[in-house]
Protein chains: 2
Amino acid sequence: MAGQKPEQRRVAVRGAKLRALVLDAAIRRITEAGIDHVGFADIAAEAGVHESSLYRRWRTVPRLIVDALTERTAGEVPIPDTGSVRKDLELFTADLARFAQTPVGTALIRFTVVTDDDPDIAQARGQFWRQRLMAATEILERGKRRAEVAEDVDSGLVVLTLGGLVHLHITHLGTTIPDTLAERVVALLMPGLAEGPSGRTHTGARSAEDGR
Amino acid sequence: MAGQKPEQRRVAVRGAKLRALVLDAAIRRITEAGIDHVGFADIAAEAGVHESSLYRRWRTVPRLIVDALTERTAGEVPIPDTGSVRKDLELFTADLARFAQTPVGTALIRFTVVTDDDPDIAQARGQFWRQRLMAATEILERGKRRAEVAEDVDSGLVVLTLGGLVHLHITHLGTTIPDTLAERVVALLMPGLAEGPSGRTHTGARSAEDGR
DNA sequence: ATCTCATCGCAATGAACTTTGCGTTACGCC
DNA sequence: GGCGTAACGCAAAGTTCATTGCGATGAGAT
């Protein structure tokens, strides 16, 4: 009764607290509405923050989205260590595929496709994925120490190949990733890992990736 | 003198002629301005057609872009036939990488990333890429007939793996594709092609891809 | 050649997205 | 605990993007 809300000004949240609220809200909206239907207006409302704050802080929607996705998906896809290279690669690939098919994972992969809107952002994305995937080279390096993998095998190339296959499904094929994919692709690669390039020491062919 | 342009109505172009003009204009704008800076307004002006025609015919920018790119890039990346699987795969991969790094190729790959905007369009994109890449399975099939490749090797998996690696560079790594990439990844795969999965006939693991 | 209809040019309208000035206040620094 | 500053809420204004009704006309059919 007499519900005369004085329309009082909302208490301002700012700094780290605001950032956390917004990033969580962004993730929530992405999983609920889909990556293509989230805007500053949605996220601001969800976070209980004013829209203009998002404009001033992140400038554009993609920047906010990328910020949220990269920060909230840090612990995903761990690097297994079972003692077997084959097993480790299968687990890694299968887990990558699993994550890639979650709403957030799909959104992350599709939304981080490099566009030239922001030069710095574009480079940050490449950096992000290179680090993420390259972490798995540890599997190969351990394999080399156990003599399961030939010394001259390009570890970076291997993990990028596995990652590329999973990403391809998400970005361009748009279908469910078959359960057997990890097992099959690793089976395809294993002989090449044992032998090394062209079956013999092959000078030339530089390191993993010319990480520019 | 007396340059009183009566502001007469522009002669309307329509049908197939309009479509051709617009598609060419779109390709031109993409190569000149970059995929992220083309809109209906640009393309309409370039084509000498009214903007509303584009809205009515294609409804959204992505649809027009995809239409233009898919129709204007049909003959790219031929399937080589040198008599050697290794050579064929190297040529195919290298040519795919070359095309992927042209302005139109990069635009095609980046812009055909599946988004859930239109369910039918999303499926069409998957179809497009599956057909494009699967065409290269011919290389493997010929290899099987020549006994260069084991019968139980999954040809589809091989080409998707190669394609995925190239696409990954364009979509997420954002760096120049190393010249040696094709040679190196094919060298990695060759032993697995000769032996087949896990070195012995392995029932289970279904066909190429469950082309849904 | 004429008729018919879908397509197109054009402009006005409307919706969504961005920017910006100003008052307020949370937060870090003494 | 008190101060100064930068960050925030808010609303208005600006800009771009997308839709739609109407008259006109190209293109195929008769």
Side-chain angles (χ1 to χ4, degrees), chain A residues 4-26 29-30 32-68 71 111 115-118 120-121, chain B residues 4-26 29-30 32-68 71 111 115-118 120-121:
Chain A
Q4 295 291 27
K5 288 268 194 64
E7 293 290 349
Q8 58 185 2
R9 190 189 188 89
R10 170 192 333 181
V11 279
V13 181
R14 71 175 79 183
K17 185 178 301 181
L18 180 139
R19 176 179 160 83
L21 279 176
V22 171
L23 262 42
D24 285 337
R29 295 304 301 147
I30 290 172
E32 288 171 5
I35 190 80
D36 295 321
H37 305 300
V38 296
F40 276 154
D42 308 305
I43 300 176
E46 176 80 25
V49 168
H50 201 272
E51 197 177 343
S52 62
S53 301
L54 306 192
Y55 277 105
R56 280 194 261 247
R57 205 184 240 260
W58 282 276
R59 212 98 195 90
T60 68
V61 176
R63 280 158 91 127
L64 169 55
I65 301 289
V66 171
D67 193 8
E71 182 151 320
F111 211 76
T115 56
D116 53 8
D117 49 5
D118 285 301
D120 52 334
I121 293 293
Chain B
Q4 295 291 30
K5 287 268 193 67
E7 292 290 349
Q8 59 185 0
R9 190 190 189 87
R10 171 194 329 182
V11 280
V13 181
R14 71 175 76 186
K17 186 178 300 181
L18 179 138
R19 176 179 159 83
L21 279 175
V22 172
L23 262 44
D24 285 337
R29 294 305 301 149
I30 290 171
E32 287 172 5
I35 190 74
D36 295 320
H37 304 302
V38 297
F40 275 154
D42 309 305
I43 300 176
E46 176 81 24
V49 169
H50 201 273
E51 196 178 345
S52 61
S53 301
L54 306 191
Y55 277 106
R56 279 193 266 248
R57 205 183 239 262
W58 283 277
R59 184 71 46 205
T60 69
V61 176
R63 281 158 94 126
L64 168 55
I65 301 289
V66 170
D67 193 9
E71 182 151 321
F111 220 75
T115 56
D116 54 7
D117 49 4
D118 286 301
D120 53 333
I121 294 294

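Nothing here was measured: the structure is a model prediction, and the numbers come from that model. Sequence lines set the chain letters: A, B, ... in the order given, protein chains first and strands last, and positions in each chain run from 1.
Arg10(A) comes within contact range of the sugar-phosphate backbone alone, with a heavy-atom separation under 4.0 Å but no base atom that close.
The phosphate of dC8(D) (OP1 or OP2) has a side-chain N or O of Arg57(A) nearer than 4.0 angstrom. For dT18(C), one of the phosphate oxygens OP1 or OP2 lies less than 4.0 angstrom from a side-chain nitrogen or oxygen of Tyr55(A).
A heavy-atom distance below 4.0 Å to DNA chain D is reached by these residues of residues 41-53 of chain B, ordered by number: Ser52(B).
Taking CD1 of Ile30(A) as the reference point, atom CG of Asp36(A) lies at 10.5 Å (rounded to 0.5 Å). Note: Ile43(A) CD1 to Leu64(A) CG = 4.5 Å, rounded to the nearest 0.5 Å. Here the CG-CZ distance, from Asp24(B) to Arg29(B), works out to 14.0 Å after rounding to the nearest 0.5 Å. Rounded to the nearest 0.5 Å, atoms CZ (Phe111(A)) and CD1 (Ile35(A)) are 5.0 Å apart. One distance of note links CG of Leu18(A) with CG of Leu23(A); it measures 9.5 Å at 0.5 Å rounding. Distance check: Arg59(A) CZ to Phe40(A) CZ gives 9.0 Å after rounding to the nearest 0.5 Å.
Looking only at side-chain heavy atoms (C-beta outward), Val22(B) and Arg57(B) stay at 4.5 Å or farther from each other. The shortest distance between side-chain heavy atoms of Arg19(B) and Trp58(B) falls below 4.5 Å.
Atom CG in Asp36(A) sits roughly 13 Å away from atom P in dC17(C) (whole-Å rounding). Per the geometry, CG belonging to Leu18(B) stands 17 Å off P belonging to dT25(D), to the nearest Å. Taking atom CG on Leu21(A) and atom C1' on dG9(D), their separation rounds to 15 Å, with Å as the unit. Note: CZ (Arg59(A)) to P (dA7(D)) measures 13 Å, nearest angstrom. Between the P atom of dT7(C) and the CH2 atom of Trp58(B) lies a distance of 12 Å, rounded to the nearest Å. In this structure, His37(B) atom NE2 and dT16(D) atom P are separated by 15 Å, rounded to whole Å. Atom CG in Leu54(A) sits roughly 17 Å away from atom P in dT20(C) (whole-Å rounding). Here dC10(C) presents its P atom at 13 Å from CZ of Arg14(B), a figure rounded to the nearest Å.
Here dC8(D) is the nucleotide among dG26(D), dC8(D), dT18(C) with the atom lying nearest to any side-chain atom of Ala12(A).
Under 3.5 Å, the side chain of Arg56(A) and the base of dT19(C) form no donor-acceptor pair of N or O atoms.
The two atoms that bring Ala33(B) and Val38(B) nearest to each other are CB-CG1, 4.5 Å, heavy atoms only.
The overall bend of the helix from dA1(C)-dT30(D) to dC30(C)-dG1(D), read as the angle between its terminal helix axes built from five base pairs each, is 50° when rounded to 10 degrees.
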